[in-house]
Structure formats: C-alpha cells, structure tokens
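Below: one structure, written as structure tokens.
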Amino acid sequence: MPRKPARHHRLLPVRPLTFSPFARSVARVATAYLVKHYMHNAVQQSAGDEFKEKLKIIGRHSESSEDEEFDGVVQADFAFFDPKPDDFHGVKTLLQSYLDNKQWDLSGFVDLILGQTTVGTVVKLEDDEDNGIFSIITALNLGRYKDHKCITELKEFLLNICHEKDKIGNLRSLLGDEAQKVGLLVSQCVVNLPPELLPPLYDALFDEISWATEDEPTEELRNSFRFKFYLVVSKFYKKNANQKRSSSTDKDEAFVYIKPEDEILHKLSMWSFLFPLQTQQVATHELKNYQLTGIVMAVKAEDISSFRQQLHALINGS
C-alpha cells in the first residue's frame, strides 16, 4: 500500500472558511493577499506521479480596494511529499514562532519531524526549483521522544504557560504518565495555504498513523503510534476583554481562528487553555479590537473521525 496514494479532488474557489460572519469578512483580507501571492509565485506544471492538487484561485470582488487589482484565474499544482533532510530550512522557518518567542532547541525539533518519514507530510509546489515549503503536518509521540532536549523544553514551556489550576493536573498527566499515548499534533502552514488542501492533508496524516500501527518494523514502534490523545499548540485572535458587546451575535465573534481546523479541534477538545503571546503580529483594521493569543488543546483520538468529517463538511460546504 503506497504511503501517498494518488487522490485527486476538484478544488473549489478559495473562500473565507470560518463559522462567524464577522470572521468571514476578516478572512477576506487573507484571501485578497492569497490571490496576489500566487499571481507572483505560482508555477504551472502538468500532473506527475506524486499526489497533487490543482488549485484554481478565483479573483473576487470585495470591499477591499486591493481586491480590485486582480480578477482572473491562477493555477498552481501542489504535491504532498515525505519529509526529508533538504526540507530543514523551510520547515524551521514555518515553525519559527511555534513556541512564541522562546529560545529552545527548534533545530532538534525539526530534525525529529524530518526523521519520522513514515508519518508526516510537507506540501510544496510541484517541480518548484526553490523547494519552498507551504505546510508541514506530523504527530510526534511525546513518550518516544521524551529524552530529546527539544521535547523536554517544549514540556517546560507548556507547564510554565498553564495558569489554570483545573487544567494543570490534566496537562501534567499528558506530559508525564500518559506521554506514551500522546501525539503532539504539529500543523503549520503559510498564512494563506488554500483551505481545499486541508481535508486531504489531515486524511493523509491520520491514515499514515493507522498504517504505522501495522507496518512499522517493531512492536515498540507500532505501539508508539497508537495514540489515545492529541495535544495541539496553536494561535488565534481573541477579542479584547474591554471591548463592549454591541449585539447578541458578538458571542460568536469572540474568537477569529487563523486556521479553519482549529475551530473544530477547539470544539472537540476535552479541555483547553489560553496563554498570552509575547510576540504580536501587526493587526489589520478588522482585527484592531483583537489580540493574537496562544491556545493549547487536548483532543481524544476517538474524536478524530468526527474531526475529519467536520473538516470535510466545512471546506466543501462553505
């Protein structure tokens, strides 16, 4: 059974994918940039043997004057690849702010990701000479890699930022006694990765995890992919506490998710906690009342099937 089976999907025009009507309007800012970005950088290649997605990006009119500069179709062929050493700098760049501004063994963390070739995917443009990385997704067993400096430092970071007394015990358990059953779900991408890539990207990851429980050469390795929990570290925009609510719909606007899948994971999580970020991005006018905030989520592996279904529904139904 091939690790990256050929799956071809008809991709829909890029659309803001969030549940809140307000967040949809915010997402249009990113969509406008997406069109410009691929106008400048996309390459057009024919299909090859690797898994790929043909993306048609449709220029759309919106309230932003910048959107009016382009109204056409750009095609880019994306391919899913196994991680390899040549991806080091691209993956490290994507994960530069993974733990906010913490100085830690990021290089070692990237080495772990690239060394785990049976589970994990990088997304690139097909036949791109620059070898640019658009996304990395993987799951690392916190027990298997517990003696690595980067994992030790990651655990210390998580324990230091958790100030919720009713969550710290749960976190300590997942990082300690339960670590062998916990997968650190790492998913990082460029801000404007076409959302149509998300369902097949996550499907590939969780299929590979399932295959690894059968195909890895030793029982120890096979067991290391039998996750019961996933731990997710991410970011989103949270409405400032001092902002007055002007209507009953504001409750839906308390959060603006940068990655569509995070909203589903957040709703499915058995617990989560927020933490302030030292590093802040320059906010757009639409986000002037919001602050970039860190979030840690714990999700049961048994809920991943629901996550996959909801992600497909979100992308295909928006």
Side-chain angles (χ1 to χ4, degrees), residues 3-5 51 80-84 87 91-92 94-95 98-99 106 108-123 133 135-148 150-155 157-158 171 173-176 178-189 193 197-235 259 261-262 264-266 268-270 272 295-311:
R3 289 195 60 250
K4 297 288 188 291
F51 172 85
F80 289 7
F81 296 93
D82 294 333
K84 63 180 188 302
D87 299 325
V91 172
K92 186 175 182 181
L94 281 180
L95 296 174
Y98 182 67
L99 296 186
L106 176 58
F109 189 62
V110 175
D111 285 337
L112 285 186
I113 291 172
L114 300 183
Q116 184 177 277
T117 57
T118 55
V119 171
T121 300
V122 294
V123 178
I133 306 296
S135 179
I136 174 68
I137 186 170
T138 192
L140 300 175
N141 185 299
L142 291 180
R144 176 182 176 184
Y145 299 116
K146 64 183 177 62
D147 295 328
H148 289 258
C150 59
I151 298 300
T152 299
E153 292 178 337
L154 181 143
K155 291 180 179 180
F157 173 82
L158 295 178
L171 178 63
S173 178
L174 291 189
L175 298 180
E178 301 285 341
Q180 196 63 42
K181 304 173 184 178
V182 179
L184 180 69
L185 182 56
V186 181
S187 177
Q188 201 76 2
C189 63
L193 183 77
L197 294 178
L198 293 175
L201 189 57
Y202 276 94
D203 283 346
L205 173 68
F206 293 118
D207 284 347
E208 287 178 344
I209 291 172
S210 178
W211 298 338
T213 64
E214 301 175 356
D215 299 340
E216 289 291 342
T218 69
E219 183 177 0
E220 182 180 4
L221 285 176
R222 291 192 291 272
N223 287 337
S224 71
F225 290 104
R226 293 190 170 97
F227 300 122
K228 290 189 176 180
F229 309 99
Y230 288 98
L231 200 62
V232 181
V233 183
S234 193
K235 304 178 180 70
K259 298 188 294 184
E261 65 269 33
D262 280 351
I264 302 174
L265 289 169
H266 195 187
L268 288 175
S269 63
M270 56 184 184
S272 65
I295 182 171
V296 176
M297 299 174 278
V299 181
K300 293 180 180 179
E302 64 188 43
D303 289 328
I304 291 302
S305 176
S306 177
F307 165 76
R308 293 171 68 168
Q309 292 173 6
Q310 291 186 47
L311 184 60

Walk me through it: do Ile113 and Leu95 pass the test side chain to side chain contact (heavy atoms under 4.5 Å, CB included)? CA-CA 11 Å; Ile113 291 172; Leu95 296 174; 3.6 Å; yes
Applying side-chain hydrogen bond (donor to acceptor under 3.5 Å, both in side chains) to Ser234 and not counting sequence neighbours gives Asp262
How long is the span from the CZ atom in Phe81 to the CG atom in Asp87, to the nearest 0.5 Å? 9.0 Å
For the residue pair Leu154 and Val233, establish whether any side-chain heavy-atom pair is separated by less than 4.5 Å. no
Could you tell me whether the side chain of Leu205 reaches within less than 4.5 Å of the side chain of Leu185, counting heavy atoms only? yes
Test side chain to side chain contact (heavy atoms under 4.5 Å, CB included) on Tyr230 and Phe307 and set out the steps. CA-CA 12 Å; Tyr230 288 98; Phe307 165 76; over 6 Å; no
Got a second to check how far Arg222's CZ is from Glu216's CD, nearest 0.5 Å? 8.5 Å
What pair of heavy atoms forms the shortest contact from Pro83 to Gly120, and how long is it? CD-O, 3.3 Å
Value rounded to 0.5 Å, distance of CG in Leu106 from CG in Asp111: 9.5 Å
Could you check if a side-chain atom of Ile304 sits within less than 4.5 angstrom of a side-chain atom of Ile209, using non-hydrogen atoms only? no
Side-chain atoms of residues 136-144: list all donor-acceptor pairs with protein atoms under 3.5 Å, sequence neighbours left out, distances to 0.1 Å.
{"unit_1": "Thr138", "atom_1": "OG1", "unit_2": "Gln116", "atom_2": "NE2", "d": "3.2"}
{"unit_1": "Thr138", "atom_1": "OG1", "unit_2": "Val119", "atom_2": "O", "d": "3.1"}
{"unit_1": "Asn141", "atom_1": "OD1", "unit_2": "Gly143", "atom_2": "N", "d": "2.7"}
{"unit_1": "Asn141", "atom_1": "OD1", "unit_2": "Arg144", "atom_2": "N", "d": "2.8"}
{"unit_1": "Asn141", "atom_1": "ND2", "unit_2": "Gln180", "atom_2": "O", "d": "2.9"}
{"unit_1": "Asn141", "atom_1": "ND2", "unit_2": "Ser224", "atom_2": "O", "d": "2.7"}

Option from Gln309, Gln310, Arg308 for which side-chain hydrogen bond (donor to acceptor under 3.5 Å, both in side chains) with Ser306 holds: Gln310
Value rounded to 0.5 Å, distance of CG in Leu231 from NZ in Lys155: 10.5 Å
Lys84 atom NZ: more than 12 heavy-atom contacts under 6.0 Å: yes
Nearest heavy atoms of Lys259 and Cys189, plus distance in Å: CD-SG, 4.5 Å
Run the numbers on Val123 and Phe80 for side chain to side chain contact (heavy atoms under 4.5 Å, CB included), then give the verdict. CA-CA 5 Å; Val123 178; Phe80 289 7; 3.6 Å; yes
Point-to-point distance, once rounded to the nearest 0.5 Å, from CG of Leu174 to NZ of Lys228: 12.0 Å
Flag for Glu261-Tyr202: side-chain donor and acceptor within less than 3.5 Å: yes
What is the distance from atom CG of Leu184 to atom CZ of Phe229, rounded to the nearest 0.5 Å? 15.0 Å
Which atom of Leu198 lies closest to which atom of Leu193, heavy atoms considered: CD2-CD2, 4.4 Å
Which heavy atom of Thr213 sits nearest to which heavy atom of Ser210, and what is that distance? OG1-O, 2.5 Å
Indicate the atoms forming the closest heavy-atom contact of Lys300 with Met270, along with that distance. CG-SD, 3.6 Å
Might you work through the side chain to side chain contact (heavy atoms under 4.5 Å, CB included) test for Leu99 and Phe109, ending with a clear yes or no? CA-CA 11 Å; Leu99 296 186; Phe109 189 62; over 6 Å; no
How close do Phe225 and Thr118 get, counting heavy atoms only, and between which atoms? CZ-OG1, 4.3 Å
